[in-house]
2 protein chains.
Amino acid sequence: MKNIQLHIEVNPDLYLKNPDSTDLGKKIISNSVKLINDIGFDNFTFKKLGIQIESPESSIYRYFENKHALLIYLVSWYWSWVEYLLVFSTVNIDSPSEKLNRSIKVLTGPTLEKYPTTYMNEELLSQIIITESVKAYHTKNVDDENKKGYFKTYKKVVQRVSDLVLEVNSGYKFPNMLVSTVIEGVHQQKYFAEHLPALTDVTKGKDSIAKFYTNMVNTIMV
Amino acid sequence: MKNIQLHIEVNPDLYLKNPDSTDLGKKIISNSVKLINDIGFDNFTFKKLGIQIESPESSIYRYFENKHALLIYLVSWYWSWVEYLLVFSTVNIDSPSEKLNRSIKVLTGPTLEKYPTTYMNEELLSQIIITESVKAYHTKNVDDENKKGYFKTYKKVVQRVSDLVLEVNSGYKFPNMLVSTVIEGVHQQKYFAEHLPALTDVTKGKDSIAKFYTNMVNTIMV
DNA sequence: CAAATATAATAGTATTACTATCTGTTTTGC
DNA sequence: GCAAAACAGATAGTAATACTATTATATTTG
């Protein structure tokens, strides 16, 4: 076993003060997840969050430079959590293809597991990822932020699953493209199912998204 | 031939006054495409656009309710243009599978064709779609705006290609999912190739994105 | 040529996205 | 047990954003 991470880790450059280290910090995280879900990231402000947690916005600014940094923090936390789930779902499994199957299941399926932390609501966070995460990297500063390592936890997840793809079929030419297409596609289709059903096939059953992408991996790789 | 549209058409609810009908309107469109490309949609304001075209922002507000409506207008224009390209690339072709092939080529490939309009820069517009179009429908108002028909031109494109998928394989279960996955995937991978190359496989050649998705359609449908 | 339509010019408002400073209260390190 | 450091609260202030409103003036059209 090499390089396995058993705890959530986000790049310290993403915050001014670690929100995990204080009560107020944890309140900021848990309430921002709720508030972003309620009103959407575009309408979300530190002022409104401050009112919700009964703290001045200036206190929130001591933890995060701005709301964009907070969003990237949440996205980063999410992918670190997904990596944790991937590790656990594949540990002690020998067969690469079985490991890949289980990984795809983690990426496509509904995950009800929790990370042992009281202040993070993973279900609401997953919802934020589906709805808002594209805004984390569709900005004029992506390149800068990428250089600073802001998207490392996402890239690690893609890397991990891509490596499994290559273990199963070492000749496959586009492992990263396949994996990022599946990951983004699953989120996208879940969003479409809820808001733009004409772009998807929801009537074909609740698990059709998982079916579609699982089938895609299996047929494309051989 | 039924239901074929030979001109660009956007939902009139998207604008207060048709920008196509006046000089100022055309200036607003062509310069917004340039400015959004330069500074990004998030930093784009009607004030800055007004400075660029040397008109007060209040004049721009007579055409569009706000910058979000303008973005949806551009996205809508783009998909109407893509439909026009799809129609032309498949007209007079009898074989459904050849029609599908040509359609996928339009969706994946670089398109250098222009629509006969002087004021629209299709290349810059395509760039905006890749970078900013997700912001058009990842909002708290999607459902409302969808009801008003703001995303109709996009849905029509997906519908058109999905119908071809079913013509080739009438038993295929997820035509919409397949097509929207390809369309969104192509844009996404182009964005990744430029900004987050770890999520894609750009080193495998410039046309690897087109190859990957073309192969995906061919292998998944059989 | 009058009426309608268009743009320009200017002003003003509420909200957003911060920054700065100052005051207390805890925590910690010796 | 006490001083220093760290932390949160309170308040104020600024520039930019996202508009709305009004009036004046130029252009088009019936």
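Every chain is numbered from 1 and lettered A, B, ... according to where its sequence line falls, protein lines coming before strand lines.
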Quick one, B:Asn176 with B:Ser162, criterion side-chain hydrogen bond (donor to acceptor under 3.5 Å, both in side chains). Give me CA distance, side-chain angles, the key distance, then yes/no. CA-CA 6 Å; B:Asn176 296 324; B:Ser162 289; 2.8 Å; yes
Over-ring placement of B:Lys67 relative to B:Phe41, 6.0 Å and 45° cut-offs: yes
Using a heavy-atom cut-off of 4.0 Å across all strands, would you classify B:Ser55 as base, sugar-phosphate, or nothing? sugar-phosphate
Side chain of B:Arg62 (C-beta onward), nearest among C:dT19, C:dA8, C:dT16: C:dA8
Closest listed nucleotide, where the reference is the side chain of B:Tyr61 and the choices are D:dC19, C:dA9, C:dC18: D:dC19
When we call it a touch if two heavy atoms are under 4.0 Å apart, what does B:Tyr63 touch: a base, just sugar-phosphate, or nothing? sugar-phosphate
Could you check which of D:dA18, D:dA8, C:dA8 has an atom nearest any side-chain atom of B:Leu24? C:dA8
Is the distance from OP1 or OP2 of C:dT16 to the nearest side-chain N or O of A:Lys48 less than 4.0 Å? yes
Base, sugar-phosphate or nothing for B:Thr45? Non-hydrogen atoms, less than 4.0 Å. sugar-phosphate
From CG of B:Leu71 across to P of D:dA18 the rounded distance in Å is 13 Å
With respect to the side chain of A:Lys67, which nucleotide from C:dT10, D:dA18, C:dA17 is positioned closest? C:dA17
Between D:dT20 (C1') and B:Phe46 (CZ): distance, integer Å: 14 Å
B:Asn66 CG to C:dT16 P, in whole Å, measures 15 Å
Looking only at non-hydrogen atoms, find the nearest pair between A:Thr153 and A:Val75 and report the distance. OG1-O, 4.5 Å
Check the distance between C:dT16's P and B:Asn43's CG and give it to me in whole angstrom. 18 Å
A:Ile60 CD1 to C:dT16 C1': how many Å, rounded? 14 Å
Would you please confirm or rule out a distance under 4.0 Å between OP1 or OP2 of C:dT7 and any side-chain N or O of B:Thr22? yes
Taking only side-chain nitrogens and oxygens of B:Lys17, does any of them come within less than 4.0 Å of OP1 or OP2 of C:dA6? yes
Hydrogens and angles aside, do A:Asp20 and A:Tyr119 bring a side-chain donor and acceptor to less than 3.5 Å of each other? yes
